[in-house]
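A, B, ... follow the sequence lines: proteins, then strands. Residue 1 opens every chain.
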Amino acid sequence: MALSENLDVFLQTTEFAVAVTDGTTATTGILDMPSEIIAGNMIISTDYALTIKASVYPSLGYGSSLTVAGAAYTVREVRLQDDGAFKVVYLQKV
Amino acid sequence: MAGETLDLNFTTGVYRIWMVSRREQILARIALLLTPTINVSGRVYRSRVEPLARNESPAIVVEPSADNAEQDTLGTLQWTMIVRVSVIVRGAVPDQIADPIIMDVHERLLVDTTLGGYVTDIVPGATSWESLEADQPAGVVSVEYTVTYRTTLNALS
């Protein structure tokens, strides 16, 4: 029997989620931003990763614009997670 | 003055003078010559091992890659050192952003192929490009310069 999940409970702004918009549609997501070292220890970067429901922004891809928690980002890549209910959007800060 | 330090005692105590090898003098000279390079705002580092943050780019890192000696008939050592000059940039097309910096670096190092009398010659060698995904696209362009210089057999200074 398939489970019917309410994905919104994972993305509440009263918990860890923040406001997200593509300029037209508003949603919520969880923004992670760990630092990472790249280029053989020459560069330190921030790996902006936004977790949102896979069903929102279906045409989101490289170069798309998003505003997350009031800050502007462009999309680097989009990856589905696990069973495909959520996706992680990797971002670069404008 | 074959050693790296020279200890002097002038009745009041010991004074230690640190000697610097010709190799280090050359590397310091290159870093100094590159300090006014276009777009880097003086961010020229000698063998920096700490990673550069986004707001520290563009920047230049000067470091030795290899140094080999041969003894010539006059009893001196003829050294051939590879100096790596890495340009670290951020932007949509990293190699394009690095291009004017690489041009300026080349002109600054080749305008006088003795580097002010420190070396017998300097010749540009291999250039490599690395573009990376990051919070803003990043790139590292490395140019290797072959530097030749001489020292006496028993001293590196």
Side-chain angles (χ1 to χ4, degrees), chain A residues 11 16-23 27-52 54 57 59-82 86-94, chain B residues 27 31 34 37 39-41 43-66 82-98 101-102 105 126-144:
Chain A
L11 303 173
F16 303 111
V18 293
V20 179
T21 180
D22 66 351
T27 187
T28 57
I30 296 172
L31 181 65
D32 292 311
M33 50 177 83
S35 294
E36 60 176 359
I37 307 293
I38 57 176
N41 206 44
M42 295 193 85
I43 294 171
I44 186 166
S45 176
T46 304
D47 188 19
Y48 296 105
L50 176 71
T51 302
I52 57 176
Y57 309 138
S59 60
L60 203 65
Y62 171 77
S64 300
S65 297
L66 283 180
T67 301
V68 182
Y73 296 85
T74 55
V75 174
R76 290 158 46 196
E77 61 184 278
V78 181
R79 295 187 202 172
L80 289 174
Q81 296 297 295
D82 301 325
F86 291 98
K87 60 188 174 186
V88 176
V89 184
Y90 293 93
L91 302 164
Q92 63 185 51
K93 202 164 191 178
V94 176
Chain B
L27 292 166
L34 296 183
T37 301
N39 294 345
V40 301
S41 303
R43 290 184 293 265
V44 177
Y45 303 100
R46 271 280 291 108
S47 300
R48 173 166 166 164
V49 295
E50 297 81 9
L52 290 148
R54 178 172 171 170
N55 60 4
E56 293 181 291
S57 301
I60 293 173
V61 175
V62 177
E63 57 193 346
S65 173
I82 308 295
V83 180
R84 185 186 301 120
V85 178
S86 299
V87 176
I88 296 97
V89 295
R90 294 294 193 96
V93 186
D95 54 295
Q96 202 173 54
I97 293 166
I101 301 171
I102 295 293
V105 165
T127 301
S128 60
W129 290 263
E130 185 178 11
S131 296
L132 303 133
E133 191 181 45
D135 52 18
Q136 186 183 33
V140 179
V141 182
S142 296
V143 184
E144 291 187 336

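- The CZ atom of A:R79 sits 12.0 Å away from the OG1 atom of A:T51 when rounded to the nearest 0.5 Å.
- The part of B:R90 that comes within reach of chain A is its side chain, from C-beta onward, which places non-hydrogen atoms under 4.5 angstrom from that chain.
- B:S57 does not touch chain A: none of its heavy atoms, backbone or side chain, sits under 4.5 Å away.
- In this structure, the portion of B:E130 lying under 4.5 Å from any heavy atom of chain A is its side chain and not its backbone.
- A:D32 contributes atom CG, which lies 12.0 Å from atom OG1 of A:T46 (distance to the nearest 0.5 angstrom).
- Residue B:E56 does not touch chain A at all, counting heavy-atom pairs closer than 4.5 Å.
- Between the side chain of B:D95 and the main chain of B:V141, no donor-acceptor pair closer than 3.5 Å is present.
- Here CD1 of B:I88 is found 13.5 Å from CD1 of B:I97. Values are rounded to the nearest 0.5 Å.
- B:S47 places no side-chain N or O within donor-acceptor distance of the main-chain N or O of B:E63, the cut-off being under 3.5 Å.
- For chain B, no part of A:D47 is nearby; none of its heavy atoms comes within less than 4.5 Å.
- Heavy atoms closer than 4.5 Å to chain B are found in the side chain of A:I38, but not in its backbone.
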